[in-house]
Amino acid sequence: MSHAVARRMYDLVEPLGLVPYFADESDEALRALGLRNVWDAYFAGRAAPFGRDMPAEAVHAVFYNFAPGEVARHIPKVWELTTPEAALAARERGCVAGMRRILGELADDPAVARAGDLLLKAATSAPVGGRALFAALRALPVPQEPVARLWHAATLLREHRGDGHTAALLVEGVGGTEAHVLHALSVDVRAQDFGRVWHLPEAQLTAVIDGMRARGLVGTDGWLTPAGRATKARVEALTDQLAEAPYDALTPTELDTLVADLKPISAAFRKVFPM
């Protein structure tokens with residue numbers, strides 16, 4: 001299995017994994033539980049597999065790339081408003097509704113069921129060691145309805161890759177907020193304009209950039225240095241390497257079938273999601 005397969009599957013699976021964050025139906029279903037805003041919905045939906053007793057510090061550690069204090073504004077507060085079980089059900093219900101809206105007639109195509117089954121085979125074959133969020137999701141019941149099953153499998157694989165990405169960042173000594181700066185600059189967007197960190201106090205974000213500059217990752221012009229771009233490339237390469245394991249479970253024929261089935265599905269989401 002080459003790293004290219006892991007990268008190819010990332011390109012196909014990631015649009016499905018973004019449904020909770022870009023399809024309004026997910027937020028609407030979660031906010032109907034009494035949650036206060038979209039960030040309540042985000043943390044309730046994504047942290048629900050851990051249950052209500054996981055402290056904010058632990059959620060922060062697993063999610064990794066939130067600025068200090070951001071998780072604690074929502075965890076454990078959201079569990080005073082709803083339950084993890086209700087959040088999981090609402091998230092799935094909203095995501096399925098969003099997927100059906102975006103896919104249209106394609107939602108009932110046999111390709112959806114085939115892709116869901118093959119993605120699930122891949123996801124459930126991978127070891128869980130060192131992957132906290134992936135392991136928590138693996139413990140959840142698997143939906144039987146084809147669209148829900150596809151979304152669940154895509155989410156498993158997205159979080160499997162995400163846990164590996166965190167490990168890759170740790171290997172390179174890139175902190176959580178630094179990861180956003182590194183990514184933004186790698187796609188020629190200034191950190192101050194990047195959606196995940198632009199809202200931070202100017203002094204806080206400046207301190208993060210200054211720290212990266214001191215390590216030679218960011219130049220005096222505010223853009224990545226060659227060393228910064230090399231760091232980003234190593235992070236992505238190791239992330240791809242760590243994301244290979246699930247797809248080792250598929251035969252070449254199954255992998256070809258999965259790619260063919262996912263192409264039109266993924267394309268439908270790419271048309272409507274900002275990627």
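Index from 1, following the sequence. In this text, all values refer to a predicted model and were calculated from it rather than measured experimentally. As a basis for the values below, the full set of heavy atoms in this structure was taken, side chains included, without hydrogen atoms, waters or symmetry mates.
The two residues Ala136 and Pro49 make their nearest non-hydrogen contact at CB-CB, 3.7 Å. Considering all non-hydrogen atoms of both residues, Leu169 and Ala179 come closest at CD1-CB, 3.7 Å. Of all non-hydrogen atoms in Leu185 and Ala191, the two that sit nearest each other are CD2-N, 4.1 Å. For the pair Leu205 and Val197, the tightest heavy-atom approach, listed with the atom from each and the gap, is CD2-O, 3.9 Å. Taking all atoms of both residues into account, the shortest heavy-atom contact from Leu255 to Met9 is CD1-SD, 4.1 Å. The shortest non-hydrogen separation linking Ala72 to Ala56 is CA-CB, 3.9 Å.
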- Chi angles and distances behind the side chain to side chain contact (heavy atoms under 4.5 Å, CB included) call for Val259, Arg8: CA-CA 9 Å; Val259 168; Arg8 178 65 172 130; 4.2 Å; yes

- Query: Should Glu70 and His199 be marked as a side chain to side chain contact (heavy atoms under 4.5 Å, CB included) after you check the CA-CA gap, both sets of side-chain angles, and the distance that decides it?
  - Reply: CA-CA 11 Å; Glu70 288 190 321; His199 65 287; 2.5 Å; yes

- side chain to side chain contact (heavy atoms under 4.5 Å, CB included) between Thr225 and Val218: does it pass, once the steps are laid out? CA-CA 5 Å; Thr225 62; Val218 175; 5.6 Å; no

- Message: Checking His74 against Leu35 for the side chain to side chain contact (heavy atoms under 4.5 Å, CB included) test, could you report, in this order, the C-alpha distance in whole Å, the side-chain angles of both residues, the deciding distance, and whether it holds?
- Response: CA-CA 10 Å; His74 305 275; Leu35 300 175; over 6 Å; no

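Rounding to the nearest 0.5 Å places CG of Leu217 at 7.0 Å from CG of Leu182. Distance check, rounded to the nearest 0.5 Å: CG of Leu137 to CZ of Arg46 gives 9.0 Å. Rounded to the nearest 0.5 Å, atoms CD (Glu254) and CG (Leu118) are 5.5 Å apart. To the nearest 0.5 Å, atom CZ of residue Phe134 and atom CG of residue Asp163 are 8.5 Å apart. Rounding to the nearest 0.5 Å places NZ of Lys263 at 11.5 Å from CG of Asp11. Going from atom CZ of Arg190 over to atom CG of Asp188 covers 10.0 Å, rounded to the nearest 0.5 Å.
For an aromatic pair to be called close, the ring centres must be under 6.0 Å apart, and Tyr42 with Phe66 satisfies this. Two rings, from Tyr64 and His165, have their centers 6.0 Å or more apart.
Between the Thr239 side chain and the Val235 main chain, a donor and an acceptor come within less than 3.5 Å of each other. At distances below 3.5 Å, not a single donor-acceptor pair connects side-chain atoms of Asp193 with backbone N or O atoms of Val189. No donor-acceptor pair under 3.5 Å is formed between the side chain of Arg149 and the backbone N or O of Gln144. Between the side chain of Thr82 and the backbone N or O of Val78 there is no donor-acceptor pair closer than 3.5 Å. In this structure a side-chain-to-backbone donor-acceptor pair under 3.5 Å is missing from Asp109 to Val112. Side-chain atoms of Arg52 never come within 3.5 Å of backbone atoms of Pro76 as a donor-acceptor pair (strictly under, hydrogens ignored). Side-chain atoms of Ser186 come within 3.5 Å of backbone N or O of His183 as a donor-acceptor pair.
Looking at Thr155 and Trp151, their side chains do bring a donor and an acceptor atom within 3.5 Å of each other. Glu145 and His152 share no side-chain donor-acceptor pair at under 3.5 Å.
Checking each of Arg158, Arg161, Arg270 against Glu14 for a side chain to side chain donor-acceptor pair (under 3.5 Å) leaves exactly one that passes, namely Arg158. Checked options Leu200, Ile209, Asn65; the residue passing with Thr177 is Leu200 (criterion: side-chain contact (heavy atoms from CB on, under 4.5 Å)).
By the 4.5 Å heavy-atom criterion applied to side chains, Lys77 and Arg36 are counted as neighbours. With a 4.5 Å cut-off on side-chain heavy atoms, Trp39 and Val71 do not count as touching. Within the 4.5 Å cutoff, side-chain heavy atoms of Phe269 are placed close to those of Met99.
For Glu92, the side chain to side chain donor-acceptor pair (under 3.5 Å) test picks out no residue, with sequence neighbours left out.
Placement of Ile102 and Leu18 within a single hydrophobic cluster is found when ILVMFWY residues are connected by side-chain heavy-atom separations under 4.5 Å, directly or transitively. Residues Leu106 and Val13 share a hydrophobic cluster, clusters being chains of Ile/Leu/Val/Met/Phe/Trp/Tyr side chains in contact below 4.5 Å. By the criterion of side-chain heavy atoms lying less than 4.5 angstrom apart, applied directly or through intervening Ile, Leu, Val, Met, Phe, Trp or Tyr residues, Val272 is grouped together with Leu16 in one hydrophobic cluster. Linking ILVMFWY side-chain heavy atoms closer than 4.5 Å, directly or via other members, places Leu262 and Tyr10 in two distinct hydrophobic clusters. A single hydrophobic cluster is not seen to contain both Trp198 and Val38; linkage of ILVMFWY side chains at heavy-atom distances under 4.5 Å, directly or through other members, places them apart.
Crowding of Trp223 atom CH2: a count of heavy atoms from other residues, nucleotides or ligands under 6.0 Å exceeding 12.
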Sequence neighbours left out, cut at 3.5 Å: what donor-acceptor pairs do the side chains of residues 19-29 make with other protein atoms?
residue: Tyr21; atom: OH; partner: Arg91; partner atom: NH2; Å: 2.8
residue: Glu25; atom: OE1; partner: Arg101; partner atom: NH2; Å: 3.1
residue: Glu25; atom: OE2; partner: Arg101; partner atom: NE; Å: 2.4

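Taking Ile, Leu, Val, Met, Phe, Trp and Tyr as hydrophobic and joining them when side-chain heavy atoms fall under 4.5 Å apart, one finds Leu238 in a cluster with Val171, Leu242.
The residues Arg215 and Glu178 are annotated as salt-bridged, a charged nitrogen and a carboxylate oxygen being separated by less than 4.0 angstrom. Arg7 has a carboxylate O that lies under 4.0 Å from a charged side-chain N of Glu236, or vice versa, which qualifies the two as a salt bridge.
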